[in-house]
Amino acid sequence: MKIKSFYITAFLVSGTIFTSCTDYEVKDPNFMPPDVVLNEDPKYNEIIEGLPEPGKMQAYKPSLIGKPYRPITVNYSNEFKPVSRWTPADTRVVAYMADYEPQVLTEEDYKAITNKYGSLTTGVKFEATGRFHVAKGVDGRWWIVDPEGYPRYERSVTSVRYGKSERNRAAWMERFGSDENWLATSQAELASIGFHGTGAFCTDTYEKIQAHNTAHPDAPMTLAPSFGFLSKFKSTNGYEYPGGKSENLLGLVLNEEAWMTFCKNYVEEALAPYKGDPNVLGFFSDNEINFSTQGSNILDQFLAIADVNDLARKTADAFMEEKGADKVTTALNTEFAGRLAEIYYKGVREAIDAFDPGMMYLGTRLHGTPKYMKNVVEACGKYCDIVSINYYSRWSPELDTYVKDWDTWAGKPFLVTEFYTKGVEDSDLNNGSGAGFSVPRQEDRAYAYQHFTLGLLEAKNCVGWHWFKYQDDDGSDNGGKPANKGVYDNYYKMYPYLAKFMQEVNYNVYNLVDFFDN
């Protein structure tokens with residue numbers, strides 16, 4: 001068995017050399033990420049020193065194309081720390097993909113083929129409208145098209161905002177000292193590993209990002225502001241929860257005329273700062289709406305409301321009578337949820353079309369059960385430009401089932417708006433919360449990133465991803481259960497191994513698309 005060896009070097013990000021982060025330990029104190037970009041054809045019998053030993057060559061699955069690769073094994077768990085049971089999983093990384101060699105090896109190479117948005121400038125060009133929009137190529141692949149008309153594969157991070165802990169604030173002051181320096185530095189560093197924008201939950205930062213973009217028009221950070229339309233509708237109109245339970249919040253849209261009026265007024269208020277802004281990718285009207293959960297159907301919830309005159313209860317009763325049914329089935333629940341989704345998304349769509357027709361509507365970040373509900377996804381696709389998916393609880397994208405179904409159901413592309421893993425053995429955080437899988441170490445987070453994103457790149461209806469999130473939790477986050485989610489630690493240092501593996505995929509997204517499509 002041949003062993004492939006290579007020198008380990010630090011990598012340079014915006015003039016700063018990143019070394020191992022100080023908030024976790026590694027077995028070797030001199031450990032640095034290996035340069036996993038290979039400059040020669042990969043040989044099937046090679047082992048790459050510094051990476052786990054791969055298994056035998058096989059077709060990747062789940063997949064519709066089955067490209068050959070040699071899997072490494074990564075352990076993951078849905079348990080919080082301490083983890084009592086790990087699940088070993090076949091994991092795909094770039095270095096062990098057969099018949100593929102990265103073409104973009106350096107930041108200079110990357111900048112030569114992309115513009116300020118990280119869009120590809122050396123291939124096909126679409127209509128330039130001055131705003132972001134979506135288009136489907138002649139080969140059937142969907143793209144986000146940037147304001148200049150170039151195809152952009154979306155790669156951004158969520159939650160670009162101040163940390164709450166004392167050590168975080170001290171580190172921010174020491175490293176940045178001003179909002180202007182913070183965002184300019186973050187933009188440059190993130191762009192240097194192939195991230196070019198921000199996603200949801202940039203609380204109190206959106207205006208600062210816009211100021212950065214005005215000051216640095218050649219180095220923008222795109223925005224995707226997120227809102228809470230449903231909760232604002234409740235408070236504005238003085239409604240109570242249907243049946244007195246917050247899980248029934250969606251039932252308020254059954255006040256349909258009031259919902260349509262509210263959406264019109266709230267869009268004009270909340271989106272006013274973003275109207276006409278070419279750096280705004282789009283917006284989210286809500287987060288993870290409860291169209292149903294794994295343990296509770298929304299139709300059952302409404303039927304269980306004691307007050308028979310409650311609008312949600314009356315609507316559920318009428319639906320069951322219409323269907324001639326006396327028992328809730330999965331199909332009936334999905335249809336009912338789809339009717340609610342139709343009202344919800346229609347209200348927001350008509351409001352944004354009237355106020356700023358050039359702005360993309362990115363939906364509500366479907367999660368859990370709702371992303372698998374046909375009628376809900378259909379309604380989302382009917383009224384949204386992109387179906388946003390918070391994609392957890394799966395080690396690999398479901399390419400041969402639901403990912404394919406989303407294309408059929410929605411007729412629109414999808415964007416993964418949350419995913420991450422957390423390292424529980426080499427982080428100083430208690431990692432007692434969060435939907436992302438636990439993995440042992442930072443190296444495993446890096447491998448998981450490549451594995452999941454390579455799967456997404458196979459899907460012609462996927463237009464990108466948002467990593468959750470910019471920086472680790474800390475302090476009182478998540479009820480005092482902070483987790484290792486970030487590209488950055490709480491001292492505003494990138495995790496070097498994770499960043500290097502992110503960079504390799506992010507730099508090569510366009511030639512990887514060609515590889516998978518051809």
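We count residues from 1, following the sequence as given. Since this is a predicted model, take the numbers as computed values, not measurements.
Shown here for Leu362 and Ala224, the closest heavy-atom pair between the two residues is CD1-CB, 4.0 Å.
For Tyr69, the ring-ring contact (aromatic ring centres under 6.0 Å, His included) partners at least two apart in sequence or on another chain are Tyr60. Applying the side-chain hydrogen bond (donor to acceptor under 3.5 Å, both in side chains) test to Asp286 and every residue at least two apart in sequence or in another chain returns Tyr344. Scanning for side-chain hydrogen bond (donor to acceptor under 3.5 Å, both in side chains) contacts around Glu247 gives an empty result, with sequence neighbours left out.
One finds no salt bridge joining Asp405 and Lys374 here, because no Lys/Arg side-chain nitrogen approaches an Asp/Glu carboxylate oxygen to under 4.0 Å. Using a cutoff of 4.0 Å between basic side-chain nitrogens and carboxylate oxygens, Asp517 and Arg141 are scored as salt-bridged. With respect to Arg349 and Asp353, a salt bridge is recorded, a charged nitrogen being found less than 4.0 Å from a carboxylate O.
Donor-acceptor pairing under 3.5 Å is recorded for the side chains of Asp473 and Asn478. Remark: the Asn279 side chain and the Thr222 side chain contain no N/O donor-acceptor pair separated by less than 3.5 Å. A side-chain N or O of His466 and one of Glu154 form a donor-acceptor pair less than 3.5 Å apart. Side-chain atoms of Glu79 and Ser84 form a donor-acceptor pair, as typed in the model, at a separation below 3.5 Å.
The structure places OG1 of Thr421 at 6.0 Å from CH2 of Trp395, a figure rounded to the nearest 0.5 Å. Atom-to-atom distance recorded for Ile193:CD1 and Gln503:CD is 7.0 Å, nearest 0.5 angstrom.
In this structure, Tyr497 has its ring center under 6.0 Å from that of Tyr447.
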